[in-house]
Amino acid sequence: SFLIWWFYPVLMEVSPWGATVGKKAFGLRVVDEAGGRIRLGSAMIRNFLRIVEVLLPFLPFAMFLNARFQRLGDLAAGSMVVYARDRVRLSGVAPPPIGGVPVTVSLSREEEAAMMSFRYRCSGWSVARQVEVANHLQPLTGEVGENGVQKVLGMASWLEAQR
């Protein structure tokens with residue numbers, strides 16, 4: 001009973017589904033702040049703080065003070081509960097990179113999210129727009145122009161493979 005109470009939510013949230021059976025039934029999943037799968041440490045922090053929230057009845061109201069409506073456990077773990085929807089694969093994404101390009105610099109969650117967003121949104125942009133946006137990422141990629149576009153796409157592929 002102890003193991004199920006404490007570790008069932010942790011194990012289910014780090015699984016590929018990212019959700020317990022109840023969250024899955026309501027179309028929800030737990031992700032990190034960049035939108036990727038939650039890691040084991042974050043899932044443990046998130047779920048072990050549940051007991052604090054239950055014992056101190058005013059803490060659940062703290063979520064109303066946060067713009068994302070995150071509870072205390074989510075704030076401490078850097079996670080959030082989101083509506084789960086199937087990832088839409090766009091056809092005609094910009095020319096695929098030769099392969100995943102390992103990311104050798106430390107990226108913030110926002111920078112990772114920007115690269116992933118670029119990857120999934122650039123298919124609807126002109127080549128000139130792709131180059132323009134990729135040039136803004138030059139400090140991270142070290143490339144400009146169409147080489148920069150390819151490097152961003154390669155880095156995004158590598159990041160997705162790591163998740």
| said: Walk me through whether Glu160 and Tyr120 qualify under side chain to side chain donor-acceptor pair (under 3.5 Å). | reply: CA-CA 11 Å; Glu160 186 173 43; Tyr120 290 108; 2.4 Å; yes
| said: Please evaluate residues Leu75 and Asn66 with respect to the criterion side chain to side chain contact (heavy atoms under 4.5 Å, CB included), reporting the C-alpha separation (whole Å), side-chain torsions for both, the decisive distance (0.1 Å), and the verdict. | reply: CA-CA 9 Å; Leu75 291 170; Asn66 182 313; 2.8 Å; yes
| When you look at Val152 and Arg119, which way does the side chain to side chain contact (heavy atoms under 4.5 Å, CB included) test go after all the steps? | CA-CA 8 Å; Val152 172; Arg119 179 172 182 210; over 6 Å; no
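Annotation: side chain of Leu107 is in contact with side chain of Met115 (closest heavy-atom distance under 4.5 Å). No side-chain heavy atom of Val52 sits under 4.5 Å from any side-chain heavy atom of Leu55.
In Ile4, the CD1 atom is not crowded: 12 or fewer heavy atoms of neighbouring residues, nucleotides or ligands sit closer than 6.0 Å. Other residues, nucleotides and ligands contribute only 12 or fewer heavy atoms inside 6.0 Å of the CZ atom of Phe26. Shown here is Trp125, whose CH2 atom has more than 12 heavy atoms of other residues, nucleotides or ligands within 6.0 Å. Atom CZ of Arg39 has 12 or fewer heavy atoms from other residues, nucleotides or ligands within 6.0 Å. Counting heavy-atom neighbours within 6.0 Å of Gln138 CD, excluding the residue itself, gives a total above 12. With a 6.0 Å radius and a threshold of 12 heavy atoms from other residues, nucleotides or ligands, Trp6 has its CH2 atom above the threshold.
With hydrogens and angles ignored, the 3.5 Å screen pairs a side-chain donor or acceptor of Lys151 with a backbone N or O of Thr141. A donor-acceptor pair is defined here as one N or O able to donate and one able to accept, closer than 3.5 Å; no such pair exists between the side chain of Thr20 and the backbone of Met12. The closest donor-acceptor contact from the side chain of Asn47 to the backbone of Phe7 lies at 3.5 Å or more, if one exists at all. A donor-acceptor pair under 3.5 Å links the side-chain atoms of Glu111 to the main chain of Ser108, judged by distance alone. Of the possible donor and acceptor atoms, none in the side chain of Ser117 sits under 3.5 Å from a partner among the backbone N and O of Ala113.
In the hydrophobic clustering of ILVMFWY residues, with side-chain heavy atoms under 4.5 Å counting as a link, Met44 and Val31 come out apart. Under the 4.5 Å side-chain heavy-atom criterion for Ile, Leu, Val, Met, Phe, Trp and Tyr, Phe2 and Leu49 are members of the same hydrophobic cluster. With hydrophobic clusters built from ILVMFWY side chains whose heavy atoms lie under 4.5 angstrom apart, Trp158 shares a cluster with Val149. Residue Leu72 is grouped with residue Val81 when hydrophobic side chains (ILVMFWY) are merged at heavy-atom distances under 4.5 angstrom, including chains of intermediate members. Under the 4.5 Å side-chain heavy-atom criterion for Ile, Leu, Val, Met, Phe, Trp and Tyr, Trp17 and Val82 are members of distinct hydrophobic clusters.
In terms of heavy-atom proximity, Val21 sits nearest to Tyr8 at N-OH, 3.0 Å. Closest approach of Val14 to Ile38, counting heavy atoms only: CG1-O, 3.8 Å. The two residues Cys122 and Leu153 make their nearest non-hydrogen contact at SG-CD2, 4.0 Å.
Residue Gln70 holds its CD atom at 12.5 Å from CG of Leu65, rounded to the nearest 0.5 Å. The structure places CZ of Arg37 at 7.5 Å from OG of Ser15, a figure rounded to the nearest 0.5 Å. Going from atom CE of Met155 over to atom CD of Glu112 covers 10.0 Å, rounded to the nearest 0.5 Å.
Considering Arg71, Arg29, Arg68, Arg46 as possible partners of Met80, the one that fulfils the side-chain contact (heavy atoms from CB on, under 4.5 Å) test is Arg68.
Comment: Glu53 does not engage Arg50 in a salt bridge, judged by the lack of any side-chain N to carboxylate O separation of less than 4.0 angstrom. The pair Glu13-Lys23 meets the salt-bridge criterion, since a charged nitrogen lies less than 4.0 angstrom from a carboxylate oxygen.
For Ser79 and Asp74, the side-chain atoms include at least one donor-acceptor pair closer than 3.5 Å.
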